[in-house]
Structure formats: structure tokens, C-alpha cells
S.K.: 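Dumping the structure here so I can ask a few things about it.
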Amino acid sequence: MAAAASALCLARRLRPRLACGASRTAYAVCFPVVQLHMTGAAMRVSQEEFEKAKDQLKLLKVDPGNEVKLKLYALFKQATEGPCSSPKPSMLDFVKKAKWDAWNSLGSLSKDNARQKYVDLVLSLVSSEPSSKAKDTTSESKQGYETLQVTTTDNITKIMLNRPDKKNAITTQMYREIIQAVEEAAKDDSVITVVTGNGDYYCSGNDLNNFTNIPSGGIEKMAKDGAVLLEDFVSHFIDFPKPLIAVVNGPAVGISVTLLGLFDIVYATDRATFHTPFSELGQSPEGCSSYMFPKIMGLPKANEMLLFNRKVTAREACTWGLVTEVFPDKTFEKEVWIRLKAYANLPKNSLALSKQLIRGVEKEMLHKVNCQECERLKERWLSDECMNAVLKFFEKKSKL
Ligand code: COA
């Protein structure tokens, strides 16, 4: 306890006191490994370059961490005052002691060499920043996705379902791509992850064409593979380690609704509706909704949605607890993103660890529920009720 408290104290106190250049800019938590370009007896740096490095340090966006800050402090002191000659501080003054140790460890390094190393270190930090392009807040879409647009900007990874002409219906390929995007988002430097849809729909649920692409193993294989994929897909949401936010930009159907119980916040436009037409389709609930919906909204309302296909408005969904807040469609995107950007400036680790505490107790249960729901669906997908409902959808379409 005491050690942890003093480490925390050290971290806090070092930041403002490294006036030799540590930035006061808001820092992200992680920092790439620093490569020191120690050029030894290489060219000497001028006072001007030294001053410039000091200024560059102030502009760093990413916190270099205490170890590097101590190194910078020591090199700065050595470069400006020469070898450490002040008395060793008391063991109990952790901050002073750490700084003294760092400076003292440089021994008799000359002022010129210290200046050189200081400048080299600052340059390596500047070049390790998430790329000067990344400072531009419009980041490019990540490569490798055909059905999604995935971007990371301002500490937010946004996964946008991107089949607007099909109302963002989720094909098999899209399930796989979402799994991949969620896996990457879990590991990247972002603080929060957002799922949203492109176009007028958030998502129209499972693409019913998934039922018509029968593999060579027949319909049983299709159902089996589908259940395995679905279980894996939902598992990624159960285990997602960071705050996960749904920005529901329009109507939502099927699995895009049931999954919302696994999100930490759900913001919706007042144009959104929430529809889970499972019985109509001869199917059964998934996305852990058979457990989460009764827990969130109470059994009677969950039954109305999951058994009787009641389509609810955004305001109803908010009153029932499925949606966190509803915004007027006109100002939806603007209001929501202002808020999300502010959330994404909160300390990354604190948010992630708090989320894990809140969700952790339920994880085992959720995986069990997920497994049972997928088993049930595997049977349902082979049922006449389901097959007839899917045929009806395509018949209706062909008559239009
Ligand atoms: N599966 C397959 N195709 C879908 C789809 C889905 N879940 N949702 C939308 N589409 C397709 C439509 O077939 C249409 O394709 P087309 O342009 O080739 O004809 C296109 O997306 C646009 O949809 P459309 O039906 O013309 O738009 P709409 O505004 O009239 O209706 C929906 C939108 C979502 C209400 C309607 O498409 C629908 O009921 N889809 C099925 C929803 C569903 O049952 N999902 C599964 C839940 S478990």
C-alpha cells in the first residue's frame, strides 16, 4: 500500500516539477518504447539546439513515463550545472531521492555530452510520437475491412458498420470483420471504443442471406458454423476490456439490439427504434439478451421485446434502461461526439479497470448464457418455422 502510494505520489509530483522540459499537455497513458540515439562522441549540439529541444519537449502529446522524465531531468541538470554535487536527500523524500539518483548516476559526464544526450533523447521522443500525421485529428480508415470503416482519432476507436445500402445488415464476412476490429480495438491505444452505423440505419441485424448461402456440408453445417461464429462474436463483446459505447444513429434490429446489453453506454437518436423480431422469424434471442434484458428492463418489458417482437422507440428504450440517453436527430452526432471526446480524455487504465470491475462479476454467467443461446439458435435455424420466415422475407422482396 505504502509503496504504491509513494509511486503514485512520485508520478504526480514529477510531472509539474520537471521544468526542464516535461510537457503539461494532457498525456495518454501508454508510450512506445523509447529508442535512445546515443551518438557518443558524435557532433556537439549548440546551445540553440539545446533550447529548441527544451521547447519541443513541451509539445509532446504522449507522456514519456517517469523513467524517461527522470533521465531528461538528470541530463538537463548535468548539461546546465555539471556533475551532481548536492547532498543526498533523505530516503523518505522519494521524489527528491529519485531525481538525485538519476542525476548522480551520470557521474562525470561532460556538460557537452549531457547536452548531446538530452537533445538525442528529445528527438527520439518526438519521432516516437504517434506520427506527426496522427496529430491531425482526421485519421485514415484502417486497411483490411470491406464491410466496416474503422478509425482511431482523439483516443477513440470508431467501428462503423458500412453497408448503408443494405441497412448495415451483418453478413458472415461482417461478423468476422467486427470480431477482428474489436480485437484490435481492445489492444490499441484508444481509451474508448464506439460502434455506430453508416447511413440512415444503425443496423438491420443478421443478413438473412446468411441463410441462403448453404455450404457443401448442407444446412446442418451452415447452422453449426453459424452458431460457432455467433458465439465467438458475442464472446468478444462480453470480454471487451475498455468502455464500449453504441452510437445508435437510426433504427436497430435483431442482434444489433440484443447486443446493446453488453455495451457500457448507449446513445440514440430520437429517430432510432429497437426491434427484435425473433418469434416472427422462428428464432430465439441472442447476444446474452435472454439474461441481460430482464435484468435491465424487468421481465415483463423484456418479454414484450424478446417474445412478442414489440418495436420500441428510442424514448421507451431509454425509460426501460436499454438506452442511456436520447438526442434530437438534428444535433445527435454533434452532441454525442463532443461528449465522447471528453470521455476519451479520462485516464485510460482507470476507465478500463473500473469497467472490468463492473462487468467482471457477470462474465462467467454471460459466457454460459451465450453458449446456451447459440445452442438454441443452432436448432432454430434448422426449424421449419425459421426456414419459412426467411423464405417469406425473400418472397416479399421478389414481389416488390
Ligand atoms: N438481411 C438481408 N437483407 C437486408 C436486411 C437483412 N437483415 N435488411 C435490409 N436488407 C436489404 C433489403 O433486402 C434491401 O435490399 P435490396 O436493395 O437488394 O432490395 C436493402 O437492404 C434495403 O432495405 P429495404 O427493405 O429496401 O429498406 P426498408 O427501409 O424498406 O426496410 C428493414 C428496412 C430493415 C425494415 C427491412 O429491410 C427488413 O425488415 N429487413 C430484415 C430485418 C430482419 O429481419 N433482420 C433479422 C433480425 S433477426
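Order of listing sets the numbers, starting from 1, for every ligand and every atom in it. Predicted model, so just to flag it, every value in this text is computed and none were measured.
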S.K.: With the threshold set at 4.0 Å, does a side-chain nitrogen-carboxylate oxygen contact exist between K69 and D63?
M.R.: yes
S.K.: Please determine if L208 has a nitrogen or oxygen closer than 3.5 Å to a nitrogen or oxygen of ligand 1.
M.R.: yes
S.K.: If the contact criterion is a heavy-atom separation under 4.0 Å, does D165 count as touching ligand 1?
M.R.: yes
S.K.: When clusters are formed from ILVMFWY side-chain contacts under 4.5 Å, directly or step by step, what else is grouped with M91?
M.R.: none
S.K.: Just jot down the ligand 1 atoms closer than 4.0 angstrom to any heavy atom of L281, in number order.
M.R.: 44 (O), 46 (C), 47 (C), 48 (S)
S.K.: Enumerate donor-acceptor pairs with a distance under 3.5 Å from any side-chain N or O in residues 275-282 to protein atoms, sequence neighbours excluded.
M.R.:
| unit_1 | atom_1 | unit_2 | atom_2 | d |
| --- | --- | --- | --- | --- |
| H275 | NE2 | N309 | O | 3.2 |
| T276 | OG1 | M305 | O | 2.8 |
| S279 | OG | L307 | O | 2.6 |

S.K.: Using a strict 4.0 Å cut-off to heavy atoms of Y201, name the atoms of ligand 1 that fall inside it.
M.R.: 32 (C), 33 (C), 34 (C), 35 (C)
S.K.: Please state which part of S204 comes within less than 4.0 Å of ligand 1, counting heavy atoms only: side chain, backbone, both or neither.
M.R.: both
S.K.: Name the option, out of K311, H275, Q283, K167, that contains the heavy atom nearest to atom 28 (P) of ligand 1.
M.R.: K167
S.K.: Report the part of N206 in contact with ligand 1, treating N, CA, C, O as backbone and CB onward as side chain, heavy atoms under 4.0 Å; options are side chain, backbone, both, neither.
M.R.: backbone
S.K.: Kindly identify the option in C203, A169, G254, P164 whose heavy atom sits closest to atom 6 (C) of ligand 1.
M.R.: A169
S.K.: Do we get K158 above W337's six-membered ring, with its NZ or CZ under 6.0 Å from the centre and within 45° of the axis?
M.R.: yes
S.K.: Are any of the side-chain nitrogens in D188 or K242 under 4.0 Å away from the carboxylate oxygens of its partner?
M.R.: yes
S.K.: Considering only NZ, NE, NH1 and NH2 on the basic side and carboxylate oxygens on the acidic side, decide whether E49 and R115 come within less than 4.0 Å.
M.R.: no
S.K.: Does E395 come within less than 4.0 Å of K392, counting only side-chain N to carboxylate O?
M.R.: no
S.K.: Pairs of nitrogen or oxygen atoms closer than 3.5 Å, one from K166 and one from ligand 1: do any exist?
M.R.: yes
